[in-house]
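A quick write-up on the structure given underneath.
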Amino acid sequence: MPSVVIAAHNEEHVIGPSLDAVLDHQLSERVEVVVSANGCADRTVAAATRPGVTVIDRPEPGKAGALNAGDEVATGFPRIYLDADIRVPSGGLAALLGRFGETPAPLAVVPRRRLNTAGRPWPVRAYFSVNERLPAFQNGLFGRGMIALSEQGRARFDAFPAMIADDLFLDSLFSDAEKAEASSVEVVVEAPFTTRDLVRRLVRVRRGNAEMRAAAAAGRVAVQVRSAARWAWLRDVVLPNPRLVPAAVPYVAITVIAALLARRKAGDGWGRDESTRGGHPSATNGVSA
């Protein structure tokens, strides 16, 4: 029996459709679904409470703690960690889980991702036209909002460290040969709706990645974190695709701004992007398989 663990912080606008998609799976066996709400000040818990779903209501905010609390309740494998704003397409669970039955069997499986930039301002669309082509997003577990681990893969670690970059942590546990993409399963990842919200998201990612790399270097987490390929945008994306040269200008500008802001102390207002979680009318969050 597979288990799906969803950490949810103020996700009342998106958790319902996400659960609908998971519960409407086409599997011969039952799927255990655990929603670990953490520090919610909205109706996330009420929206998640339904038959077939175990809801944990934690007063403390923090995704790592929520994932660990969900893991303490979940019993099945493969174990699927799903972001609350991701809708699994019809047949997606079966296709994702089916990859574990192939030879050689992977330890971690992710879906293919598609970025939805419709209706976003040009700087946001330009940024992602470069970002989505980076090699790290071709073979990494991060940036997809959905990661499935086999029982052997989950045994690689005891608990999620109390850090932001949970997907980078998981990515660091496995070699490329131990990862696989279920290319027939596509999840849609919503791009931020404003340039400011994009910068906000990038600041959070940069802080989380820097924290993870520092912890790994100090031996506080036993992982080998992939190094940042700072010139990959030019070497691997723009130079092979000269038509992206105009997009490189806002890409570089936004990247530099986010890097500078990330060096400021945490808690200065630059954190999670809320634009894709506020019920924006243009957020279709479609899926395909």
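Please read all numbers here as calculations on a predicted model, not as lab measurements.
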Exercise for the section: Verify side-chain contact (heavy atoms from CB on, under 4.5 Å) between T49 and V53, making sure each step is shown before the conclusion. Expected result: CA-CA 7 Å; T49 302; V53 178; over 6 Å; no
Exercise for the section: Kindly indicate, with the supporting measurements, whether the criterion side-chain contact (heavy atoms from CB on, under 4.5 Å) is fulfilled by R200 and V203. Expected result: CA-CA 5 Å; R200 187 184 303 276; V203 168; 5.9 Å; no
Fill in the blank from the handout: Heavy atoms of T44 and A8 approach each other most closely as CG2-CB, 3.8 Å
Problem - Value rounded to 0.5 Å, distance of OG in S227 from CZ in R213 - result: 7.0 Å
Problem - Any donor-acceptor pair under 3.5 Å from D85 side chain to V14 backbone - result: no
Exercise for the section: For residues V252 and W233, determine if any side-chain heavy atom of one lies less than 4.5 Å from a side-chain heavy atom of the other. Expected result: yes
Problem - hydrophobic_cluster_shared for V31 and M1, side chain cutoff 4.5 Å - result: no
Handout entry: Within 6.0 Å of CG in D158, more than 12 heavy atoms from elsewhere
Key = no
Exercise for the section: Determine whether I86 and L67 fall in the same hydrophobic cluster, where Ile, Leu, Val, Met, Phe, Trp and Tyr are linked whenever their side-chain heavy atoms lie under 4.5 Å apart. Expected result: yes
Practice task
Any ring pair (Phe, Tyr, Trp, His ring centres under 6.0 Å) involving residues 157-184? Give me the pairs, sequence neighbours left out, ordered by first then second residue.
Solution key: Y81-F160, F157-F160, F157-F169
Exercise for the section: Taking N116 for its side chain and A118 for its backbone only, find out whether a donor-acceptor pair lies under 3.5 Å. Expected result: yes
Practice task
Starting from the C-alpha separation in whole Å, work towards a yes-or-no answer on side-chain contact (heavy atoms from CB on, under 4.5 Å) for R79 and D71.
Solution key: CA-CA 9 Å; R79 185 72 47 82; D71 268 339; 2.7 Å; yes
Problem - Shared hydrophobic cluster, V245 / L234 (ILVMFWY, side-chain heavy atoms < 4.5 Å) - result: yes
Handout entry: Distance in Å, L96 CG paired with R112 CZ, rounded so as to fall on 0.5 Å steps
Key = 12.5 Å
Exercise for the section: Could you tell me whether a side-chain N or O of N68 sits under 3.5 Å from a main-chain N or O of A64, the two making a donor and an acceptor? Expected result: yes
Problem - Listed once per pair and sorted, the salt bridge (Lys or Arg N to Asp or Glu O under 4.0 Å) pairs that draw on residues 134-152, sequence neighbours left out - result: R144-E181
Handout entry: Shortest non-hydrogen contact between R235 and A229, atoms and distance
Key = NH2-CB, 4.5 Å
Problem - Between CG on residue L173 and CZ on residue R154, distance to nearest 0.5 Å - result: 9.5 Å
Practice task
Return yes if some donor-acceptor pair links the side-chain N/O of H9 with the main-chain N/O of N38 below 3.5 Å, else return no.
Solution key: yes
Problem - Within one Ile-Leu-Val-Met-Phe-Trp-Tyr cluster: I164 and V5, side-chain cutoff 4.5 Å - result: no
Practice task
Grab the two heavy atoms, one from Y251 and one from T255, that are nearest each other, plus how far apart they are.
Solution key: O-OG1, 2.7 Å
Problem - Nearest-0.5 Å distance, CG of residue L27 to CG of residue L97 - result: 6.0 Å
Handout entry: Side-chain (D57) to main-chain (A37) donor-acceptor, under 3.5 angstrom
Key = no
Practice task
Look only at the side chain of R220 and the backbone of P161, and say whether a donor-acceptor pair between them is shorter than 3.5 Å.
Solution key: no
Completion exercise
Joining Ile, Leu, Val, Met, Phe, Trp and Tyr whenever any side-chain heavy atoms lie under 4.5 Å apart, the cluster holding W122 also takes in none
Handout entry: Closest contact, heavy atoms only, R207 versus A262
Key = NE-O, 3.3 Å
Problem - D42 side chain vs E12 backbone, donor-acceptor pair below 3.5 Å - result: yes
Exercise for the section: Would you confirm whether S172, through its side chain, and L168, through its main-chain N or O, come within 3.5 Å as a donor-acceptor pair? Expected result: yes
Problem - Carboxylate-amine/guanidinium proximity below 4.0 Å for R156 and E178 - result: yes
Problem - Residue pair T194 / V124, side-chain heavy-atom distance below 4.5 Å - result: no
Problem - Residue pair V185 / P89, side-chain heavy-atom distance below 4.5 Å - result: yes
Problem - Rounded distance (nearest 0.5 Å) linking atom CG of L115 with atom CZ of R120 - result: 9.5 Å
Completion exercise
For I56, the hydrophobic cluster (side chain heavy atoms closer than 4.5 Å, chained through members) also holds V34, V73
Handout entry: Test item: I254 and P123 side chains (from C-beta on) under 4.5 Å apart, heavy atoms
Key = yes
Practice task
Would you check if I80 and V109 make a side-chain contact, meaning some heavy-atom pair closer than 4.5 Å?
Solution key: no
Fill in the blank from the handout: Taking every heavy atom of V238 against every heavy atom of A248, the minimum-distance pair comes out as CG2-CB, 4.0 Å
Practice task
Identify whether F77 and L141 are in the same connected component of the hydrophobic contact network (ILVMFWY, side-chain heavy atoms under 4.5 Å).
Solution key: no
Completion exercise
Nearest heavy-atom contact between A108 and F100 is N-CE2, 4.2 Å
Handout entry: Heavy-atom side-chain proximity of D167 to I147 below 4.5 angstrom
Key = yes
Problem - R50/D20 salt bridge by N-O under 4.0 Å criterion - result: yes
Practice task
Give a yes or no on this: more than 12 heavy atoms of other residues, nucleotides or ligands lie within 6.0 Å of atom CD of Q224.
Solution key: no
Handout entry: V4 vs M146, side-chain contact (heavy atoms from CB on, under 4.5 Å): CA-CA, chis, key distance, verdict
Key = CA-CA 10 Å; V4 177; M146 186 180 187; over 6 Å; no
Donor-acceptor contacts under 3.5 Å from residues 131-138 side chains, at least two apart:
| from | atom 1 | to | atom 2 | distance (Å) |
| --- | --- | --- | --- | --- |
| R133 | NH1 | S129 | O | 2.4 |
| Q138 | NE2 | E132 | O | 3.0 |

Completion exercise
Sorted by chain and number, sequence neighbours left out, salt bridge (Lys or Arg N to Asp or Glu O under 4.0 Å) with D83 holds for K63
Practice task
Report yes if some heavy atom in the side chain of L82 is under 4.5 Å from a heavy atom in the side chain of V22; otherwise report no.
Solution key: yes
Problem - Rounded distance [0.5 Å steps], CG in L23 versus OG in S18 - result: 9.0 Å
Exercise for the section: For residues Y127 and P250, determine if any side-chain heavy atom of one lies less than 4.5 Å from a side-chain heavy atom of the other. Expected result: no
Handout entry: Whether S36 side chain and A69 backbone form a donor-acceptor pair below 3.5 Å
Key = no
